[in-house]
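Quick caveat, the model's predicted, so the values are computed rather than measured. Because only heavy atoms are used, hydrogens play no part in the values below, and waters and symmetry mates are left out as well, while side chains stay in.
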2 protein chains.
Amino acid sequence: MKTKDRIVAAALLLFNEQGESNVTTNHIAAHLGISPGNLYYHFRNKNDIIGRIFLQYADHLRKSFTPVTGPANASSSVWFHYLDAVFYVMWEFRFFYANLNDILHRDPELHRQYLLVQQELAENLQALLRELNAQQVLVIPDEEIAPLSEILRMVVSFWVSYQSAQSLTPHISQAVLYQGVARVLLLLKPYFHPEKGLELATLSAHYQALAAQPSDPFHK
Amino acid sequence: MKTKDRIVAAALLLFNEQGESNVTTNHIAAHLGISPGNLYYHFRNKNDIIGRIFLQYADHLRKSFTPVTGPANASSSVWFHYLDAVFYVMWEFRFFYANLNDILHRDPELHRQYLLVQQELAENLQALLRELNAQQVLVIPDEEIAPLSEILRMVVSFWVSYQSAQSLTPHISQAVLYQGVARVLLLLKPYFHPEKGLELATLSAHYQALAAQPSDPFHK
DNA sequence: GTCTATATGTAGATAGAC
DNA sequence: GTCTATCTACATATAGAC
């Protein structure tokens, strides 16, 4: 593995474990057993490293939330796919969500990219909701699609921050993120087609069980 | 006005206008035309100043969200009271919401107070929802009262942050905060008693109009 | 109570040798 | 590519005079 990639991987690890603002470029270098000067040979600055991580983040969002049309969406497995992807992105990039505004406002170029990705995501999410409406899985009034999709994105984007504010220790467990996933389902609950109550119950039970579980220290 | 109070007032003003992290103790002193040393005569440190502002915040929350029982809640004016209070707290202390985790995690004592206030607020909000249930204004399943109240608090607490992330300029307008109030109503919409549709429509129209309005530069 | 001057601490970043 | 040494910049906080 190239030094450059090792730096990105170490940065992501340390940022997630200790919080982005508590991890300096010196810490990253020390963790890898290289010098600060070497780190600055590979990256212009700390934002440059974060920018690399952001590309992974954007990539994941694009791959996981590209909407698929057709009856596939009527199946329950599609829900697991999307909700697991929500969990994954919250977990894998929790440092980013925990510090979103700091990170964005100190780097206008990154902020621009973020807004583009969010715009795409908003469109994909609305398309998905419309598709689920068409499949009679959900029943959402047309004019509520946009604001509802915005609230869903908002809850996912700030669930990590919210949970961090709720606890004296900054540590974020997988369980509290699954709680966030369960809340997303709760937000959609009033809009589920009456005949899909059983499916919703199954989904809810699944994520609520994960939310109740003590955090797995051997997560990948 | 005592110097100590002038410092608190200036700090709140500058924090809200420029963001807490962009305003140093030196800036506050300069704004008042006093020396940094003088500021530190009145306050032990910056957190100490923020702690004073927090007392105003907590006071407002306690006064505005103490639940009233009885048929008063069936009236539509009670909605305006609570929703206006939501707007006021978001606006008046927007610097705090914009930087919540930074501020809390750098001052454990403040964080403890925050959690106490939030706990109270959560209880008051749940009592209020139960009361509105009893008055047949809302129809919320018992087991959803707690999670719904949590989502409402979460959306209010992070609406400022969310809006800040959505814009390249950190400036927060009154209109976007009224949008947040409108979203709170949207979250409650599925739970409104079918016969209260007209009342909901009136409320929504009111806050959506304020949300659409260009920001008033002469706000009090 | 208020001032001037200065100390402390630290993160981010660079220069130049190897 | 990597190292050591160092610099800059700045916010927080303090000392001691008035």
Side-chain angles (χ1 to χ4, degrees), chain A residues 1-54 95-96 98-99 101-111 170, chain B residues 1-54 95-96 98-99 101-111 170:
Chain A
M1 202 175 185
K2 286 188 159 64
T3 300
K4 187 157 185 169
D5 297 325
R6 295 205 312 141
I7 292 171
V8 174
L12 179 56
L13 182 78
L14 295 175
F15 288 166
N16 276 336
E17 280 180 353
Q18 301 172 32
E20 183 271 334
S21 56
N22 300 315
V23 176
T24 69
T25 48
N26 277 18
H27 289 139
I28 299 169
H31 179 83
L32 289 170
I34 68 172
S35 67
N38 191 1
L39 185 148
Y40 278 94
Y41 170 80
H42 290 286
F43 292 93
R44 292 216 322 281
N45 52 39
K46 194 179 173 183
N47 285 343
D48 198 11
I49 302 175
I50 293 173
R52 280 304 179 106
I53 297 175
F54 179 83
F95 86 90
F96 184 58
N99 233 4
N101 277 299
D102 270 10
I103 294 171
L104 295 181
H105 284 114
R106 94 167 77 107
D107 184 343
E109 178 47 33
L110 182 66
H111 202 158
Chain B
M1 202 175 185
K2 285 188 160 62
T3 300
K4 188 158 185 168
D5 297 324
R6 294 205 311 138
I7 292 171
V8 174
L12 179 57
L13 182 77
L14 295 174
F15 289 166
N16 276 337
E17 281 180 352
Q18 300 171 31
E20 182 272 335
S21 56
N22 300 316
V23 176
T24 71
T25 48
N26 277 17
H27 289 138
I28 299 169
H31 179 83
L32 290 170
I34 68 173
S35 68
N38 191 0
L39 185 147
Y40 277 95
Y41 169 81
H42 291 285
F43 291 94
R44 293 217 321 284
N45 51 40
K46 193 179 172 182
N47 285 342
D48 198 10
I49 301 174
I50 294 173
R52 281 304 180 104
I53 297 175
F54 179 82
F95 86 90
F96 184 58
N99 233 4
N101 276 298
D102 271 10
I103 293 171
L104 295 180
H105 284 112
R106 93 167 76 108
D107 185 343
E109 177 48 33
L110 182 67
H111 202 157

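Atom OH of Tyr41(B) and atom P of dG1(C) are 5 Å apart (whole Å). To the nearest angstrom, P of dT2(C) lies 12 Å from CZ of Phe43(B). Ile7(A) has its CD1 atom 11 Å from the P atom of dG1(D), to the nearest Å.
Note on residues 13-40 of chain A: pairs passing salt bridge (Lys or Arg N to Asp or Glu O under 4.0 Å), not counting sequence neighbours, are Glu20(A)-Lys46(A), Glu20(A)-Arg106(A). For residues 21-34 of chain A, no residue pair satisfies the salt bridge (Lys or Arg N to Asp or Glu O under 4.0 Å) rule, not counting sequence neighbours. Sequence neighbours left out, not one pair with a member in residues 6-15 of chain B passes salt bridge (Lys or Arg N to Asp or Glu O under 4.0 Å). Screening residues 33-42 of chain A for salt bridge (Lys or Arg N to Asp or Glu O under 4.0 Å) gives no qualifying pairs among residues at least two apart or on separate chains.
For Phe95(B), the ring pair (Phe, Tyr, Trp, His ring centres under 6.0 Å) partners at least two apart in sequence or on another chain are Phe15(B). By the side-chain hydrogen bond (donor to acceptor under 3.5 Å, both in side chains) test, Asp107(B) pairs with no residue at all, sequence neighbours left out.
Side-chain N/O atoms of Asn38(B) include one lying less than 4.0 angstrom from OP1 or OP2 on dC3(C).
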How would nucleotides 11-18 of chain C be written as a contact map, 5' to 3', with B for base contact, S for sugar-phosphate-only contact and - for no contact, using protein heavy atoms under 4.0 Å?
SSBB----
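Proximity note for Ile34(A) (side chain, C-beta onward) versus dC3(D), dT2(D), dC3(C): the nearest is dC3(D).
Remark: nothing in residues 102-109 of chain A comes within less than 4.0 Å of DNA chain D through any heavy atom.
Judged purely by atom type and a 3.5 angstrom limit, Asn45(B) uses its side chain to pair as donor or acceptor with the backbone of Asp48(B).
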Donor-acceptor contacts under 3.5 Å from residues 27-34 of chain A side chains, at least two apart:
| residue | atom | partner | partner atom | Å |
| --- | --- | --- | --- | --- |
| His27(A) | ND1 | Asn22(A) | O | 3.4 |
| His27(A) | ND1 | Thr24(A) | N | 3.0 |
| His27(A) | ND1 | Thr24(A) | OG1 | 3.3 |

